[in-house]
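Presented below is the structure to which this report refers.
Not measured: the values here are computed from a predicted model. Residue indices begin at 1 and follow the sequence shown.
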Amino acid sequence: RREAEVMSILEHPNILPLYEMQTQEKGNLQFTMKKVDGQTLRDLFEAKGSLEERKFLGILLKVFDGIAYAHAKKIIHRDLKPENIMIGAYGEVYILDWGIAKKLENKTLEEKSSDVLEIAEPPKTQGGITNKLEDKTVEEEPSNALEIAGPYKTQGGIGSAGYMSPEQQKSASEVNETSDIYSLGKILREYYLGLSPWEEIQNLMLSPQDNESQALQNEQKIPKEILAIAKKAIHLKPQERYPRAQDFSADIENYLKGIPISVQDYRLDELFLKWAKRHKQKILLFSVVFFLFLLSISGVFAIQRQSNAKRFQKIYQESIQFQEKAEWVPETEHQSKALKIKYLLDALNSLNLLTVFPQFSKETQQAKLKVGEKLIYLACDTEDYSLASYITNDIQELSEVSEDKKQALLKHIEFTQNKTLKAHLDRLYYWIETLKKTGADAEMEENALFEIVRMNEDGVANSLEE
């Protein structure tokens with residue numbers, strides 16, 4: 001009757017539906033439920049290797065949905081275990097056996113004062129308890145009676161040993177929603193360990209001296225995040241468990257999606273790896289786009305390099321042509337030297353343009369140094385010391401110019417400059433002495449002034465303090 005009354009309240013896709021309920025002439029309760037072809041979760045557990053993780057967690061999420069609905073109706077199942085979860089042939093998931101369910105704050109479904117276990121399974125007997133679908137009678141037992149709820153026996157509480165929460169084992173009246181959370185946590189742990197709660201306890205009892213190492217080995221079989229979820233669900237204190245089935249379900253869903261769960265602390269690198277796993281497609285797409293971008297950029301640079309190489313060769317050939325023109329000009333006349341200087345300056349300017357190219361190499365620097373030296377000597381020969389100083393400063397920037405070479409060029413400029421200064425001074429003194437002897441003469445004064453102008457033009461007048 002309890003199961004029928006509970007199922008008449010619950011109407012959910014993951015709770016086996018009740019089609020009809022009626023009382024027979026003798027007062028016996030008769031009800032009809034949906035027939036489901038499938039396997040229980042226990043069957044799938046025993047078929048080793050047949051239940052993949054994602055499929056199992058998917059089943060568990062549907063169980064969470066059904067239990068969350070029942071809890072919303074203030075109904076506690078109290079007997080959640082793999083045997084009471086049915087998976088249909090087409091993936092339907094049903095929560096079975098609501099025979100010992102408890103309706104919170106509703107005396108019509110409360111346990112009798114003796115906390116008698118009522119079994120809604122195929123006919124079993126224990127003392128004065130009998131259960132038949134057609135004829136169900138309940139007799140009271142002492143409160144400390146052994147309750148049969150599966151292959152093992154437990155004392156005091158109502159439910160299945162191994163899946164009952166600590167408070168449920170002590171008293172059937174002290175349970176609440178977190179008691180079902182505990183049972184679901186045990187089912188979660190059982191899947192990963194491959195051992196039922198009783199089998200796990202038996203293994204520990206067989207080697208009590210190795211309990212700690214055995215427990216550690218068991219935990220190592222469980223993924224880190226699932227272990228944290230399971231520990232939260234089966235905490236000994238009800239207030240430390242998940243308060244709602246939805247919270248338990250949310251962490252399982254986050255685990256499946258690769259999202260951080262609420263009961264696990266993460267390092268930054270772990271958070272990044274989880275983010276990367278969640279966004280594999282986006283990262284792959286970004287990588288492809290970025291690769292194509294790099295490919296296009298490298299193509300542009302390749303074209304640019306090719307263009308620069310052609311332009312470099314063109315300018316370099318121009319500088320060679322100017323040098324060849326300068327070689328053909330004779331140095332016998334002042335005008336010829338000026339033309340030679342012009343060609344060499346053009347060659348030097350072309351070589352200066354090449355300094356911005358990556359191809360500007362040691363050989364190019366040596367070519368510029370060679371042209372610069374020729375210009376310095378020609379500038380000194382034509383008494384153009386300003387040009388000589390400018391060229392010297394220009395080639396001093398070259399890494400190929402040694403310190404000795406720099407000093408030699410500077411000394412040559414200084415020597416020729418002093419020689420030119422002396423020649424100018426000699427001519428200037430000559431005109432001054434002539435003016436003193438012969439008196440004022442316009443032509444001689446003009447010659448003297450012309451000499452001073454020449455000294456200015458040649459860059460030696462600054463030495464004349466007098």
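- Side chains of Trp98 and Ile75 form a contact here, defined as non-hydrogen atoms less than 4.5 Å apart.
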Discussion item. If you apply the rule salt bridge (Lys or Arg N to Asp or Glu O under 4.0 Å), what do you find for Arg241 with Glu167, and how did you get there?
Written reply: CA-CA 13 Å; Arg241 299 174 201 151; Glu167 68 274 10; 2.7 Å; yes
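- Counted within 6.0 Å of CG on Asp269, heavy atoms from surrounding residues, nucleotides or ligands total more than 12; the atom is thus considered enclosed.
- Rounding to the nearest 0.5 Å places CG of Asp79 at 4.0 Å from CD1 of Ile100.
- Side-chain contact check for Phe64 versus Ile67: every heavy-atom pair is 4.5 Å or farther apart.
- Distance check, rounded to the nearest 0.5 Å: CD of Gln39 to CG of Leu44 gives 5.0 Å.
- Within 6.0 Å of atom CG in Leu295, more than 12 heavy atoms from other residues, nucleotides or ligands are found, so the atom counts as buried in its surroundings.
- No more than 12 heavy atoms of other residues, nucleotides or ligands shown are found within 6.0 angstrom of OH on Tyr390.
- Salt-bridge check for Glu190 with Arg42: passed, with a basic side-chain N closer than 4.0 Å to an acidic carboxylate O.
- Contact of the Arg189 side chain with the Leu227 side chain is registered, since non-hydrogen atoms from C-beta on lie closer than 4.5 Å.
- Taking 4.0 Å as the cut-off between side-chain N and carboxylate O, Glu270 and Arg267 count as a salt-bridged pair.
- Side-chain contact between Leu41 and Tyr191 is absent, with no heavy atoms from C-beta onward closer than 4.5 Å.
- Leu188 approaches Leu57 most closely through the heavy-atom pair CD1-CD2, 3.8 Å.
- Checked against side-chain contact (heavy atoms from CB on, under 4.5 Å), Asp251 has the following partners two or more places apart in sequence or in another chain: Ile229, Tyr242, Asn254, Ile261, Ser262, Val263.
- With sequence neighbours left out, Pro243 forms a side-chain contact (heavy atoms from CB on, under 4.5 Å) with Asp247.
- Contact of the Asp180 side chain with the Val175 side chain is not registered, since no non-hydrogen atoms from C-beta on lie closer than 4.5 Å.
- In terms of the side-chain contact (heavy atoms from CB on, under 4.5 Å) criterion, residue partners of Ser350 (sequence neighbours excluded) are, by chain and number, Ile315, Glu318, Ser319, Phe322.
- Considering only heavy atoms from C-beta on, His12 comes within 4.5 Å of Asn14 through its side chain.
- By the side chain to side chain donor-acceptor pair (under 3.5 Å) test, Tyr192 pairs with Glu53, sequence neighbours left out.
- Ile187 places none of its side-chain heavy atoms less than 4.5 Å from the side chain of Val63.
- Listed by first then second residue, pairs satisfying side-chain hydrogen bond (donor to acceptor under 3.5 Å, both in side chains) with a partner in residues 60-69 number zero, not counting sequence neighbours.
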Distance-only check: which donor-acceptor pairs under 3.5 Å involve side-chain atoms of residues 230-240, not counting sequence neighbours?
{"unit_1": "Lys232", "atom_1": "NZ", "unit_2": "Glu240", "atom_2": "O", "d": "3.0"}
{"unit_1": "His235", "atom_1": "ND1", "unit_2": "Lys237", "atom_2": "N", "d": "3.1"}

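- No side-chain heavy atom of His77 sits under 4.5 Å from any side-chain heavy atom of His71.
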